[in-house]
Amino acid sequence: MQGAFAEHVRALESAGARTRLVRSAADLDGLDGIVLPGGESTTMTMLMERMGLLEPLRGAIQQGMATLATCAGMIVLAREVTDGMADQKGLGLLDVAVRRNGYGRQVDSFEAQLKVEGMNGKTFPGVFIRSPLVESTGAVTVMAEHDGHPVAVRQGRIIALCFHPELTNDLRLHREFVRLAMAQR
Ligand code: GLN
């Protein structure tokens, strides 16, 4: 709908996946996984609602479609959003409470080396751009933290990141997502 989807397409194809842009409910048919990219969560949910995509997408993820959500995508998935627009809708499927722009405005964007679960102690370059701040979590597993806050979580077949792996040349998290999407439901 909006945001950094082209960068995800490049990363996913480099990781060996075939991709399709999803703009309507019919585009969901037969997918193994979906990426909810970074961008502007309020615009995304408004467009998804207008296109009749919000409910079918919620259904598909509930039924186990593998999901990689980055930044705004995490906000779209979250159970609870503070500092959103008054009427900001979302999918409410990921058991986290996030504060929109919780790390500050565009000028406060930063990069941090993150220790991510399953990466054998090697760090991952985390690019944060007006990222959501995870203020509390429920039934998720934390994959990485920064300054005492979760910045990567997983819940079932969902991986959600506050940062932007698609803006780096590091494919490890996209490969992990492709593996998850190809694993039996
Ligand atoms: N601040 C944006 C939002 O509220 C997210 C920023 C991003 O995805 N880089 O949707």
Side-chain angles (χ1 to χ4, degrees), residues 1-12 15 19 21-23 33-51 53-55 57-58 61 66-114 116 124-137 140 142-155 158-174 176-177:
M1 286 291 170
Q2 191 265 344
F5 52 84
E7 293 81 356
H8 277 292
V9 166
R10 180 194 54 79
L12 287 169
T19 61
L21 297 179
V22 173
R23 296 198 167 106
I34 186 155
V35 174
L36 308 181
E40 188 45 66
S41 56
T42 50
T43 308
M44 284 177 191
T45 43
M46 189 188 75
L47 290 174
M48 284 197 281
E49 203 183 15
R50 197 178 290 169
M51 301 302 289
L53 185 56
L54 205 57
E55 291 311 320
L57 179 61
R58 180 185 283 125
I61 297 172
T67 305
L68 174 63
T70 55
C71 210
M74 183 196 257
I75 300 173
V76 171
L77 265 185
R79 163 176 52 78
E80 192 183 322
V81 179
T82 41
D83 289 351
M85 303 292 244
D87 56 351
Q88 185 160 357
K89 293 208 169 94
L91 297 172
L93 294 176
L94 181 70
D95 201 359
V96 295
V98 297
R99 180 172 299 276
R100 197 165 154 249
N101 298 325
Y103 288 93
R105 310 301 304 180
Q106 194 84 15
V107 287
D108 302 313
S109 298
F110 62 97
E111 193 167 331
Q113 295 300 319
L114 305 171
V116 182
F124 190 95
V127 177
F128 292 77
I129 304 170
R130 288 186 302 121
S131 294
L133 182 71
V134 177
E135 295 193 313
S136 69
T137 58
V140 301
V142 175
M143 299 169 66
E145 286 186 346
H146 176 68
D147 276 353
H149 288 272
V151 293
V153 299
R154 59 184 168 80
Q155 177 186 318
I158 298 172
I159 296 174
L161 312 171
C162 297
F163 53 95
H164 291 271
E166 78 283 5
L167 298 182
T168 72
N169 289 320
D170 195 320
L171 292 176
R172 283 176 291 171
L173 284 166
H174 284 88
E176 176 65 24
F177 169 62

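What you see is a predicted model; the values in this text were computed from it and never measured. Remember, it's 1-based here, ligands and their atoms both numbered in the order they're listed.
In this structure L171 satisfies the side-chain contact (heavy atoms from CB on, under 4.5 Å) test together with A11, S14, R175, sequence neighbours excluded. Residues satisfying the ring pair (Phe, Tyr, Trp, His ring centres under 6.0 Å) criterion with H149, sequence neighbours excluded, are absent altogether. When the ring pair (Phe, Tyr, Trp, His ring centres under 6.0 Å) test is applied to F5, no partner is found at least two apart in sequence or on another chain.
At a 4.0 Å heavy-atom cut-off, the residues surrounding ligand 1 are G38, G39, E40, S41, C71, A72, I75, R100, N101, I129, R130, H164, listed by chain and number.
Proximity of the aromatic rings of H8 and F177 is defined here by a centroid distance below 6.0 angstrom, and this criterion is not met.
Salt-bridge check for R10 with E7: failed, with every basic side-chain N at 4.0 Å or more from each acidic carboxylate O.
Put simply, the side chain of V76 does not reach to within 4.5 Å of the side chain of K89, judged on heavy atoms.
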